[in-house]
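Written out below as structure tokens is the structure these notes cover.
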Amino acid sequence: MKIGVTGDTYGSEQALRRIIQLAPPVEIWLHTGDYSQDANFLTDISGLPVIKVCGNCDPMKMRANPDEIFSIEGFRIWLTHGNRYLHYDDAEELAGRAAKLEVDIVVFGHIHLPVAKWYGDILLLNPGSPTRPRSWTCPSFAVLDLVVG
């Protein structure tokens, strides 16, 4: 199962349209927050369900939940923006919390940098940002391919 992942989109419909053009066929999208309301537009243009969480830049009246934990294809996934758990952008803190939550994958945003890193048996995935990449990175999103077996 392929899952599209984006976040830190900041209201850019242009960036979301570009993501849909570039992404391979996916079955669902995850939005890591900072304009979680963009998930509604993503659903409209993709025709796919979107699971979303809020970020530190989401307006109070439109906030999604700060965290979602769910299972897909037998994998437990924790979707979070990350701002509540990251200090100095240290993703290792997320891995420790993920172990306590007994999840297999952490999908997070906030740092605007692409990350795909294993901490033991836990995968940390950040799609970066399609609108405001940081450091040396380019605009980005991710595709998570879950394979059972």
Side-chain angles (χ1 to χ4, degrees), residues 1-73 75-95 97-98 101 103-119 122-147:
M1 175 178 207
K2 290 187 189 303
I3 301 170
V5 184
T6 191
D8 295 298
T9 51
Y10 297 97
S12 175
E13 291 182 3
Q14 179 182 0
L16 291 169
R17 287 183 197 282
R18 185 78 174 134
I19 288 168
I20 294 298
Q21 289 174 345
L22 294 172
V26 299
E27 295 177 52
I28 189 171
W29 281 93
L30 305 180
H31 192 288
T32 64
D34 275 359
Y35 282 54
S36 61
Q37 63 270 27
D38 289 348
N40 300 331
F41 182 72
L42 187 55
T43 294
D44 291 345
I45 63 172
S46 71
L48 297 172
V50 180
I51 301 173
K52 63 184 178 180
V53 292
C54 69
N56 56 303
C57 293
D58 282 302
M60 289 301 287
K61 66 180 180 181
M62 298 182 160
R63 285 179 92 78
N65 292 330
D67 299 285
E68 294 286 350
I69 296 176
F70 51 91
S71 293
I72 297 179
E73 298 287 320
F75 294 91
R76 280 182 42 89
I77 300 171
W78 173 28
L79 177 62
T80 185
H81 185 61
N83 61 297
R84 300 169 61 188
Y85 311 104
L86 289 166
H87 297 94
Y88 309 106
D89 296 339
D90 182 6
E92 204 165 331
E93 290 182 60
L94 283 173
R97 185 161 178 86
L101 293 171
V103 298
D104 304 300
I105 302 167
V106 180
V107 178
F108 68 105
H110 189 57
I111 62 173
H112 297 217
L113 297 169
V115 173
K117 187 170 182 178
W118 288 95
Y119 286 86
I122 299 169
L123 175 64
L124 271 61
L125 177 67
N126 188 311
S129 172
T131 58
R132 298 180 186 178
R134 288 189 183 148
S135 191
W136 53 268
T137 62
C138 298
S140 60
F141 67 96
V143 176
L144 176 61
D145 192 0
L146 298 179
V147 179

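Below, each value reflects all heavy atoms present in this structure, side chains not excepted, and no hydrogens, waters or symmetry copies.
Looking at Thr32, its side chain never comes within 3.5 Å of a backbone N or O of His81 through a donor-acceptor pair. Of the possible polar contacts, one joining the Asn126 side chain to the Gly109 backbone as a donor-acceptor pair under 3.5 Å is found. Side-chain N or O atoms of His112 include one that pairs as donor or acceptor with a backbone N or O of Arg132 at under 3.5 Å.
By the 4.5 Å heavy-atom criterion applied to side chains, Val107 and Ile3 are not counted as neighbours. Side-chain contact check for Tyr119 versus Leu124: some heavy-atom pair is nearer than 4.5 Å. By the 4.5 Å heavy-atom criterion applied to side chains, Leu94 and Leu86 are counted as neighbours. Residues Thr6 and Pro130 meet the side-chain proximity criterion, which asks for heavy atoms closer than 4.5 Å. Residues Pro66 and Cys54 are in side-chain contact: their nearest non-hydrogen atoms beyond the backbone lie under 4.5 Å apart. Side-chain atoms of Tyr85 and Glu93, non-hydrogen and from C-beta on, never get closer than 4.5 Å to each other. Contact check for Ile77 versus Ser71: no side-chain heavy atoms found under the 4.5 Å cut-off.
Rounded to the nearest 0.5 Å, atoms CH2 (Trp78) and CD1 (Ile69) are 7.0 Å apart. Note that the CD atom of Glu68 and the NZ atom of Lys52 stand 10.0 Å from one another [nearest 0.5 Å]. The CG atom of Leu48 sits 8.5 Å away from the CH2 atom of Trp29 when rounded to the nearest 0.5 Å. Between the OG atom in Ser12 and the CZ atom in Arg18 there is a gap of 12.0 Å [rounded to 0.5 Å]. Rounding to the nearest 0.5 angstrom, the gap separating the OG atom in Ser46 from the CD atom in Glu27 is 12.5 Å. Within the model, atoms CZ of Phe70 and CG of Leu30 stand 4.5 Å from one another, a figure rounded to the nearest 0.5 Å.
Between Asp145 and Lys2, the shortest heavy-atom contact is OD2-NZ, 3.1 Å. Nearest heavy-atom pair, Pro24 versus Val143, reported as atom, atom and distance to 0.1 Å: CD-CG2, 3.7 Å. When all heavy atoms of Ile122 and Ala95 are compared, the pair lying nearest together is CD1-O, 3.7 Å. Nearest heavy-atom pair, Ala142 versus Leu125, reported as atom, atom and distance to 0.1 Å: CB-CD1, 4.2 Å.
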Requested in this report: Decide yes or no on side-chain hydrogen bond (donor to acceptor under 3.5 Å, both in side chains) for His110 and Asn83, but give the supporting numbers first.
Outcome: CA-CA 6 Å; His110 189 57; Asn83 61 297; 4.9 Å; no
**Report entry** Steps toward side-chain contact (heavy atoms from CB on, under 4.5 Å) verdict (Val103, Ile105)
**Finding:** CA-CA 6 Å; Val103 298; Ile105 302 167; over 6 Å; no
Requested in this report: Check the pair Leu123 / Leu144 against side-chain contact (heavy atoms from CB on, under 4.5 Å), numbers first and verdict last.
Outcome: CA-CA 11 Å; Leu123 175 64; Leu144 176 61; 4.0 Å; yes
**Report entry** side-chain contact (heavy atoms from CB on, under 4.5 Å) evaluation trace for Thr9 with Leu16
**Finding:** CA-CA 8 Å; Thr9 51; Leu16 291 169; 3.9 Å; yes
Report task. Show your reasoning for whether side-chain contact (heavy atoms from CB on, under 4.5 Å) applies to Ile28 and Val50. Result -> CA-CA 6 Å; Ile28 189 171; Val50 180; over 6 Å; no
Query - side-chain hydrogen bond (donor to acceptor under 3.5 Å, both in side chains) between Tyr35 and Asp58, intermediate numbers included - result: CA-CA 5 Å; Tyr35 282 54; Asp58 282 302; over 6 Å; no
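Few gaps surround CD on Gln21; more than 12 heavy atoms of other groups in view lie less than 6.0 Å from it.
The aromatic ring centres of Phe141 and His31 sit 6.0 Å or more apart.
Salt-bridge annotation for Asp67 and Arg84: present, with a side-chain N of the basic residue lying under 4.0 Å from a carboxylate O of the acidic one. Salt bridge Asp104/Arg76: absent, no basic N to carboxylate O contact under 4.0 Å.
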